[in-house]
Chemist: 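Here it is: the structure, laid out below.
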Amino acid sequence: MLSLRFIREHPDLVREGVAHKGDTAPVDEILRLDCERRELLAEVEALRARRNEVSQQIGRMKQKPPELIAEMRQLGDRIKELDARVDQVDADLNGLLLLVPNLPHPSVPVGLDDRDNIEVSRHGELPTFDFEPLPHWEIADRLGIADFERGVKVSGPRFYFLRGLGARLERAIIDWMLELHSREHGYLEVAAPYLVRRESMTGTGQLPKFEEDAYHCEVDDLFLIPTAEVPVTNLHRQEILDAGVLPLKYACYTACFRREAGAAGRDTRGMIRVHQFVKVELVKFTEPSTSYQELEKLLDDACDVLRRLAIPYRIVQMCTGDLGFSATMKFDPEAWLPGQDRYVEISSCSNFEDFQARRANIRYRPAPGAHPEFVHTLNGSALAVGRTLAAILENYQQADGSVAVPEVLRPYVGVDVIRGVR
RNA sequence: GGAGGGAUCGCAUAGUUGGUCUAGUGCGGCCGCCUGCUAAGCGGUUACGGGGCCUUAAAGCUCCGUCAUGGGUUCGAAUCCCAUUCCCUCCGCCA
């Protein structure tokens with residue numbers, strides 16, 4: 001969230017940023033409640049100071065004067081009344097603050113939606129085929145390495161099974177990516193819980209605004225994670241870190257669960273948009289002064305995966321309207337899918353500055369004895385495994401219907417070519 | 001699921017017959033003195049959040065809150081009562 005003080009002191013900046021995100025957060029209502037809150041606090045704190053003083057006096061007296069005690073009892077009632085009002089205003093204010101999106105970085109191009117995003121760069125040669133390249137669901141179906149129909153039978157639309165070398169390929173991708181990030185890019189591998197508390201979802205910004213997108217276990221009030229960002233960022237919730245440990249870099253693979261509310265009709269076939277998918281996620285905690293450098297490195301670590309797989313890709317910068325709720329800046333690497341003749345988002349790398357840190361209360365001490373400050377948090381997929389699998393199938397498909405295994409994955413898969421599975 | 005124990009200012013602890021607790025002490029951290037250097041010693045300092053005053057700002061001053069969380073009793077709660085959460089031990093069940 002934004003700091004209340006910042007909103008109070010820069011209301012116009014906030015209004016502008018919120019508008020550029022296409023959001024309608026009630027900034028003026030927040031300012032009004034903030035005023036009311038401070039007036040109430042001044043009043044109730046003065047009363048409390050008097051009560052503290054008189055109570056101490058009473059404590060020192062041998063004879064307790066009943067009229068003084070009666071007066072204090074009245075004062076106590078008044079304090080209780082005011083406290084109740086402060087609590088109410090606090091709760092209202094907090095509820096509203098959680099609905100205010102993070103402000104875009106000033107350098108981010110202003111725009112309405114994904115049509116205003118900027119293509120930053122293109123990498124790799126688009127493959128050419130002497131046959132008509134197929135979409136990955138057809139390739140997978142013909143090879144018998146995925147089973148979409150039975151996914152629907154067992155779990156419903158947007159679920160699928162992997163079989164044989166399909167399942168092994170997915171496992172190989174996960175394993176190889178984690179090795180790359182932990183051994184070469186310097187991330188600490190973690191394995192995280194798939195179910196998290198409401199506070200964790202609020203910490204990273206999924207709640208309260210986007211509850212309908214999440215799977216929720218009502219009896220325990222736990223949420224299935226939509227991304228490893230949630231458990232891994234919340235690792236350091238309510239902590240004060242030593243400056244020396246920053247930047248902290250984590251790599252974590254998890255399944256991710258998304259209801260895809262509002263996506264009806266989009267990407268209904270294949271592995272692109274499903275309710276459950278595997279993703280390797282990178283999460284960083286940095287000092288504020290270095291977070292944009294770290295974002296560049298994070299983006300490059302994600303793109304490195306695509307380069308090593310020799311999958312053509314481009315990098316797209318999100319405009320203000322497509323940044324999402326929590327990010328100040330976001331880049332999406334998109335992989336080329338020849339079977340569909342289009343680029344598809346395969347990663348998303350964001351800086352949240354102190355937005356999540358403030359919600360989750362993640363701080364660091366810049367120097368011994370110095371006051372704690374909020375860290376900056378960043379994350380990015382590297383990569384979405386299901387979409388990587390789809391990209392491999394489409395880019396490495398061969399005329400005879402088989403799929404070559406990318407060089408780097410061969411030791412993990414154990415074969416050079418994927419042929420049919422029965 | 002059952003029984004019991006616990007949660008105090010970075011760490012370890014004192015404090016539970018309610019009022020000099022604005023929470024003591026040790027360790028650690030920081031600053032300084034001392035020292036050829038290190039250690040030791042000596043002195044000082046040492047949380048977080050919020051409001052106000054004063055400031056360009058920082059610093060400073062002041063008030064309020066926080067002894068797991070939320071309620072309650074009371075003129076006054078770390079201390080008494082209730083609920084909740086988390087942790088630990090034992091039993092049961094379980095991959």
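So you know, we letter chains A, B, ... as the sequences are listed, proteins then strands, and number each from 1. None of these values were measured; they are calculated from a predicted model.
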Chemist: Quick one: look up who G18(B) pairs with, Watson-Crick or G-U, both distances under 3.5 Å, and put none if it's unpaired.
Modeler: none

Chemist: Whether Arg37(A) contacts G50(B) is assessed here as follows: a side-chain N or O lying under 4.0 Å from the phosphate OP1 or OP2. Is that the case?
Modeler: no

Chemist: Using the closest heavy atom to pick a nucleotide of RNA chain B for each, name whichever of Asp87(A) or Leu4(A) lands nearer the 5' end.
Modeler: Leu4(A)

Chemist: Quick one: look up who G4(B) pairs with, Watson-Crick or G-U, both distances under 3.5 Å, and put none if it's unpaired.
Modeler: C88(B)

Chemist: Looking only at the side chain of Arg197(A) (C-beta and beyond, no hydrogens), which of the listed nucleotides C63(B), G51(B), U85(B) gets closest?
Modeler: U85(B)

Chemist: Over how many whole Å does the gap from Leu97(A) atom CG to G50(B) atom C1' extend?
Modeler: 14 Å

Chemist: Does Arg365(A) put a side-chain nitrogen or oxygen below 4.0 Å from OP1 or OP2 of C48(B)?
Modeler: yes

Chemist: I need the CZ-P distance between Arg51(A) and A77(B), as an integer number of Å.
Modeler: 6 Å

Chemist: Using the ring of each side chain (for Trp, its six-membered ring), is Phe257(A) parallel, tilted or perpendicular to Tyr215(A), with breaks at 30° and 60°?
Modeler: perpendicular

Chemist: Using the C1' atom as the point on both nucleotides, what is the distance between G41(B) and A47(B), in whole Å?
Modeler: 28 Å

Chemist: Determine the Euclidean distance between corresponding P atoms of C21(B) and C82(B); express it in Å to zero decimal places.
Modeler: 28 Å

Chemist: Looking at Arg85(A) and Asp90(A), is any side-chain nitrogen of the basic one under 4.0 Å from a carboxylate oxygen of the acidic one?
Modeler: no

Chemist: For G26(B), which nucleotide in any strand shown is its Watson-Crick or wobble partner with both distances under 3.5 Å?
Modeler: C11(B)

Chemist: Compare the minimum distances between each of G51(B), C48(B), C75(B) and the side chain of Arg363(A), then state the nucleotide with the smallest one.
Modeler: C48(B)

Chemist: G6(B) and U17(B): how far apart are their P atoms, nearest whole angstrom?
Modeler: 15 Å

Chemist: For the side chain of His136(A) and the backbone of Met271(A), is there at least one donor-acceptor N/O pair under 3.5 Å apart?
Modeler: yes

Chemist: Expressed as a whole number of angstroms, how long is the span from Leu75(A):CG to G76(B):P?
Modeler: 9 Å

Chemist: Tell me the interatomic distance from Ile79(A), atom CD1, to G72(B), atom P, rounded to whole angstroms.
Modeler: 13 Å

Chemist: Classify the side chain of Glu45(A) and the base of G65(B) as holding, or not holding, a donor-acceptor pair under 3.5 Å.
Modeler: no

Chemist: Which part of the nucleic acid, if any, lies within contact of Arg8(A), taking any heavy atom under 4.0 Å across all strands shown: a base, the sugar-phosphate backbone alone, or nothing?
Modeler: sugar-phosphate

Chemist: Does Ser326(A) offer a backbone N or O that forms a donor-acceptor pair with the side chain of Asn102(A) under 3.5 Å?
Modeler: yes

Chemist: Suppose you measure atom P in C81(B) against the same atom in U73(B); what distance do you get, rounded to whole Å?
Modeler: 15 Å

Chemist: If pairing requires Watson-Crick or G-U wobble contacts with both distances under 3.5 Å, which nucleotide is the partner of C53(B)?
Modeler: G60(B)

Chemist: Regarding Arg158(A) and Asp267(A), does a basic nitrogen lie under 4.0 Å from an acidic carboxylate oxygen?
Modeler: no

Chemist: Counting just side-chain N and O atoms, does Asn52(A) come under 4.0 Å of either OP1 or OP2 of G65(B)?
Modeler: yes

Chemist: Can you tell whether the side chains of Arg273(A) and Glu260(A) come within less than 4.0 Å, N to carboxylate O?
Modeler: yes

Chemist: The test is side-chain contact (heavy atoms from CB on, under 4.5 Å); show your working for Val415(A) and Arg410(A) and say whether it passes.
Modeler: CA-CA 6 Å; Val415(A) 299; Arg410(A) 288 182 189 173; over 6 Å; no

Chemist: Choose from G50(B), C64(B), G76(B) the nucleotide whose nearest atom is closest to any side-chain atom of Leu41(A).
Modeler: G50(B)

Chemist: For RNA chain B, whose closest nucleotide is more 5', that of Gly59(A) or that of Leu68(A)?
Modeler: Gly59(A)

Chemist: Measuring only the C1' atom in each nucleotide, how far is U22(B) from G65(B)? A whole number of Å is fine.
Modeler: 13 Å

Chemist: State the pairing partner of C48(B); accept Watson-Crick or G-U wobble contacts with both distances under 3.5 Å, and report none otherwise.
Modeler: G65(B)

Chemist: Round to a whole Å and report the spacing from CG of Asp83(A) to P of G72(B).
Modeler: 10 Å

Chemist: Just name whichever nucleotide pairs with G41(B), Watson-Crick or G-U, keeping both distances under 3.5 Å, else none.
Modeler: C33(B)

Chemist: To the nearest Å, how far apart are Arg60(A) CZ and C75(B) C1'?
Modeler: 14 Å

Chemist: Would you say a side-chain N or O of Lys80(A) is under 4.0 Å from OP1 or OP2 of U74(B)?
Modeler: no

Chemist: So that I can tick it off, tell me whether Asp77(A) and Lys80(A) are bridged by a salt bridge, with the cut-off set at under 4.0 angstrom between side-chain N and carboxylate O.
Modeler: no

Chemist: In whole Å, what separates the P atom of C37(B) from that of A14(B)?
Modeler: 41 Å

Chemist: Find the partner of A95(B): check Watson-Crick (N1-N3 plus N6-O4 or O6-N4) and G-U wobble (N1-O2, O6-N3) distances, both under 3.5 Å, and reply none if neither fits.
Modeler: none

Chemist: Both distances under 3.5 Å, Watson-Crick or G-U wobble: report the partner of A78(B), or none.
Modeler: none

Chemist: Starting at CZ of Arg38(A) and ending at P of G49(B), how long is that distance when rounded to a whole Å?
Modeler: 18 Å

Chemist: Give the rounded distance in Å between these two atoms: CD of Gln57(A) and P of C75(B).
Modeler: 16 Å

Chemist: Using atom P in both nucleotides, what's the gap between A68(B) and U13(B) to the nearest angstrom?
Modeler: 15 Å

Chemist: Please give the distance between the P atoms of A77(B) and A23(B) as a whole number of Å.
Modeler: 15 Å

